[in-house]
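A short worksheet on the structure shown next.
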Amino acid sequence: FAGGKLRVLVMAPTSTQRETIELAQRLDLDYTPWMTTHFIVKQNEKPQDWCGQYFLGPESVVAEQLTKVLEKEYDVYIIGKSAWKLLSPQVEILRRVSKGAGVIFINPAAEHKHLEIIRKQKEAPDGKFITNGLPKLPIPGFNAGKNEVKTYRFGKGRAVIIDYGEKVPAGTGYGGIGNFPGLSPMWHTGDKAKTDPIENWQKFQPETHIFEVGYEYAMAEIARAVIWAAGKAPADFTVELPAVIKAGEAITFQVKGNVK
């Protein structure tokens with residue numbers, strides 16, 4: 001990334017942290033993961049088998065690790081669909097944002113008073129950088145009911161709320177969230193991924209059935225959110241595309257603004 005390496009703390013369940021690596025493959029990041037086992041609890045209910053118990057350490061260790069990773073300062077804090085209540089030093093995170101850091105809430109698991117405070121701030125018009133040139137409708141290949149991106153100034157820092165209209169899995173048993181992702185929307189799987197007449201033109205990964213084109217759009221949106229939240233967005237410009245683009249069809253687009 002031309003703006004330099006960004007220090008990012010990604011707070012999301014263990015099974016979703018592969019997407020942190022995916023993001024780092026598309027953006028120059030110095031990333032630190034903080035991992036729970038679920039979106040709504042720090043630690044799932046322990047299974048009966050000893051093997052499963054081995055991989056689920058005490059909840060106190062998970063909390064201690066959060067304290068440890070917060071000893072460092074970061075450019076951006078990402079909350080990957082996790083409940084805000086899990087992050088015990090919430091006020092400290094927001095204090096850092098008010099001083100100039102960025103925070104990204106991806107599909108907040110629940111509303112809370114701090115999120116309400118952020119939503120009451122004036123929206124930042126330059127936040128359109130995140131979605132310029134990307135599909136405005138829910139991204140094809142995903143189950144998301146919407147793809148709403150809101151951007152705000154918060155003191156000297158910036159806040160982004162990305163809402164896919166999803167509900168995270170409720171079960172807190174061992175393995176309760178399955179393959180539910182923490183950064184991108186949940187994708188279509190199984191027969192629907194193969195047969196949907198709107199989406200089957202796209203190439204998909206045969207084992208997971210993740211659409212590669214749609215996934216790149218999703219990761220591009222998240223990467224831009226990180227850049228904007230860190231205050232590293234380039235000069236303002238817009239890319240105007242047709243509302244509907246058919247596969248294989250040539251299009252005409254316009255780039256407007258301060259572009260060199």
Side-chain angles (χ1 to χ4, degrees), residues 1-3 16 18-29 78 80-81 104 106-107 123-151 160-167 179-230 232-260:
F1 172 56
T16 72
R18 169 66 206 181
E19 288 203 299
T20 301
I21 298 172
E22 292 289 336
L23 183 61
Q25 289 175 340
R26 295 160 174 81
L27 196 59
D28 195 7
L29 300 182
I78 300 177
K81 304 185 184 178
I104 302 173
I106 297 182
N107 204 81
E123 288 192 39
D126 61 331
K128 63 182 181 294
F129 160 78
I130 297 172
T131 55
N132 277 347
L134 298 178
K136 294 182 180 180
L137 300 174
I139 300 170
F142 295 92
N143 287 329
K146 59 181 178 179
N147 183 30
E148 180 182 87
V149 180
K150 299 287 187 181
T151 55
V160 181
I161 302 174
I162 301 177
D163 188 357
Y164 301 132
E166 296 177 331
K167 288 186 177 180
N179 62 354
F180 206 89
L183 301 185
S184 66
M186 182 61 188
W187 47 82
H188 289 166
T189 57
D191 291 338
K192 181 173 178 56
K194 297 179 181 179
T195 62
D196 192 301
I198 297 176
E199 298 158 2
N200 64 9
W201 63 271
Q202 299 184 70
K203 181 181 178 183
F204 65 90
Q205 210 283 337
E207 293 181 0
T208 61
H209 297 164
I210 300 174
F211 285 104
E212 295 179 358
V213 174
Y215 192 74
E216 289 304 326
Y217 277 134
M219 296 307 292
E221 180 174 280
I222 298 163
R224 289 185 187 181
V226 172
I227 293 170
W228 185 86
K232 298 289 187 179
D236 185 37
F237 69 93
T238 59
V239 179
E240 295 183 359
L241 296 169
V244 177
I245 301 174
K246 295 182 180 180
E249 183 179 80
I251 64 167
T252 300
F253 65 91
Q254 290 184 314
V255 179
K256 297 181 179 181
N258 184 18
V259 181
K260 295 182 180 181

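A search for side chain to side chain contact (heavy atoms under 4.5 Å, CB included) contacts involving R26 returns E22, Y215, E216, M219, not counting sequence neighbours. Under the side chain to side chain contact (heavy atoms under 4.5 Å, CB included) criterion, A220 pairs with L134, not counting sequence neighbours.
The heavy-atom pair separating L183 from I222 by the smallest distance is O-CD1, 3.3 Å. For the residue pair T16 and F180, the shortest heavy atom distance occurs at CG2-O, 3.3 Å.
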Does the pair I104 and V226 meet the rule for a side-chain contact (heavy atoms from CB on, under 4.5 Å), with working shown?
CA-CA 8 Å; I104 302 173; V226 172; 3.8 Å; yes
Apply side-chain contact (heavy atoms from CB on, under 4.5 Å) to the pair R224 and N132, showing each step before the final yes or no.
CA-CA 10 Å; R224 289 185 187 181; N132 277 347; 4.1 Å; yes
Could you go through the side-chain contact (heavy atoms from CB on, under 4.5 Å) check for I130 and I162 one step at a time?
CA-CA 10 Å; I130 297 172; I162 301 177; 5.5 Å; no
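Expressed to the nearest 0.5 Å, how far CG of D163 lies from CG of N147 amounts to 9.0 Å. A distance of 5.0 Å separates CD1 in I227 from CG in L27, rounded to the nearest 0.5 Å.
Remark: the backbone N or O of Y164 is paired with a side-chain donor or acceptor of N107 at under 3.5 angstrom. In terms of modelled atom types and a separation under 3.5 Å, the side chain of K81 and the main chain of S184 share a donor-acceptor contact.
At least one side-chain heavy atom of V149 sits less than 4.5 Å from a side-chain heavy atom of V160.
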